[in-house]
Amino acid sequence: MQQDEVAARVRQVIDAAGVSAREFARRIVIDPSKLSRSLNGTRRFTAAELARIADIGAVDVGWLLGSASGAAVAASPVRSASAPRPPVPSPEGGRPLQIVRETVRLIAERGFHAVRVADIAAACHTSTAAIHYHFPGRDELLEAAVRWCMDEDTRRRADATAGTRHAGDELRLLIELQTPRTEQQRRQWCVWLDLWAEAARSTTVGRLHGEYYRQWRGTVADVIRRGVEQGVFRPVDADGAALALTALIDGLASQVLATEPDGRDDGVPGTGAQAMHDALIAHVDACLTAPTAD
């Protein structure tokens, strides 16, 4: 497609936004003089600029470039200048965070390798070019999703246990947080299960996976260590006890996820969330809790 035709379509997007070229340049983070030269045909739009224009204007980059992939939206990609629409509001937390959140949701529902960039773009109501602008490849997108899950999990634990002084109570709170009772908790575990499989094949995800589990086991070990100091727990090796407990949590959770939410699998009683919780508490009582004096 000729440069002047691309410029003409960008003008349509600007007109439909109902703002000045200077304001539109601010929204797509480009110097107004560069936008002016591109619209006048003395400068080419870069791929990143076209991605941002498509994102802000809610059009397909293919249409801007006149490619076949954009033909379906070419008839009416934007409203006419006589009926301008308000600018598309930015998603809460910004576009990258929205992309990551939707990626995590789709991974939980379908599994990472079944999620296409087009699916993520559709969920975010944007173009695939906008996704690639923020995350050039699937590896970068997966890494961002893993980091977000790690940060969210750490934040939830910190919020739930803030102010808890009794180590036994804190350990039970951590166990409750890891028990997939709600739909949200089950989705979170589905993502983790998918990431485990990916970690076995990906150096980057494997490294992140290792970082997270060192942090998670360290948290549990610190609680057990404090419990020993408080006389709540027996004098055990805190690191070894944390390794055993977290491994038991992971194994039981994978069984819970393999059953229906009510804990039944094909009509046969399975490992439900409550059964998992009871087994973990029984393990803590049998292996960690200090005997009380009669």
Side-chain angles (χ1 to χ4, degrees), residues 1-106 112-145:
M1 191 176 191
Q2 295 297 318
Q3 189 172 333
D4 56 349
E5 293 180 67
V6 174
R9 295 198 171 192
V10 173
R11 285 195 189 93
Q12 289 186 48
V13 174
I14 297 172
D15 290 344
V19 298
S20 66
R22 177 173 291 276
E23 170 60 19
F24 195 80
R26 185 190 67 79
R27 293 182 182 181
I28 63 172
V29 197
I30 183 177
D31 186 271
S33 64
K34 288 185 177 181
L35 176 61
S36 177
R37 293 201 305 274
S38 297
L39 290 174
N40 292 332
T42 58
R43 175 185 178 273
R44 288 184 179 275
F45 286 104
T46 68
E49 289 165 358
L50 288 172
R52 291 197 293 272
I53 290 167
D55 195 20
I56 295 296
V59 298
D60 191 286
V61 171
W63 175 79
L64 287 174
L65 295 173
S67 69
S69 62
V73 295
S76 57
V78 293
R79 298 182 185 180
S80 66
S82 61
R85 67 178 179 185
V88 177
S90 297
E92 182 181 357
R95 180 69 72 187
L97 182 56
Q98 181 199 31
I99 292 170
V100 169
R101 283 174 170 165
E102 290 300 324
T103 299
V104 170
R105 181 181 65 81
L106 290 170
F112 179 73
H113 289 287
V115 177
R116 303 171 304 158
V117 173
D119 299 326
I120 300 167
C124 294
H125 305 289
T126 189
S127 64
T128 56
I131 305 296
H132 287 305
Y133 170 69
H134 293 291
F135 303 99
R138 286 172 63 90
D139 288 345
E140 291 86 352
L141 190 52
L142 179 59
E143 181 175 351

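A quick note: this is a predicted structure, and the numbers were derived from the prediction, not measured.
A 4.5 Å side-chain heavy-atom check between Trp63 and Gln12 finds at least one atom pair inside the cut-off. With a 4.5 Å cut-off on side-chain heavy atoms, Leu39 and Phe45 count as touching. For the pair Phe135/Val117, no side-chain contact is recorded, criterion being any heavy-atom separation below 4.5 Å from C-beta on.
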Side chains of residues 118-129: which donor-acceptor partners sit under 3.5 Å, not counting sequence neighbours?
{"residue": "Asp119", "atom": "OD1", "partner": "Arg116", "partner atom": "NE", "Å": "3.4"}
{"residue": "Asp119", "atom": "OD1", "partner": "Arg116", "partner atom": "NH2", "Å": "2.8"}
{"residue": "Asp119", "atom": "OD2", "partner": "Arg110", "partner atom": "NH1", "Å": "3.2"}
{"residue": "Asp119", "atom": "OD2", "partner": "Arg116", "partner atom": "N", "Å": "2.9"}
{"residue": "Asp119", "atom": "OD2", "partner": "Arg116", "partner atom": "NE", "Å": "3.3"}
{"residue": "Thr126", "atom": "OG1", "partner": "Asp55", "partner atom": "OD1", "Å": "2.5"}
{"residue": "Ser127", "atom": "OG", "partner": "Ala130", "partner atom": "N", "Å": "3.1"}

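Between the Ser38 side chain and the Lys34 main chain, a donor and an acceptor come within less than 3.5 Å of each other.
Taking Glu140 as the reference, nothing meets the salt bridge (Lys or Arg N to Asp or Glu O under 4.0 Å) condition, with sequence neighbours excluded. When the salt bridge (Lys or Arg N to Asp or Glu O under 4.0 Å) test is applied to Arg11, no partner is found at least two apart in sequence or on another chain. By the side chain to side chain contact (heavy atoms under 4.5 Å, CB included) test, Ser33 pairs with Asp31, Arg37, sequence neighbours left out.
The structure places CD1 of Ile14 at 15.0 Å from CZ of Arg9, a figure rounded to the nearest 0.5 Å. Atom CG of Asn40 and atom CG of Leu35 lie 9.0 Å apart (nearest 0.5 Å).
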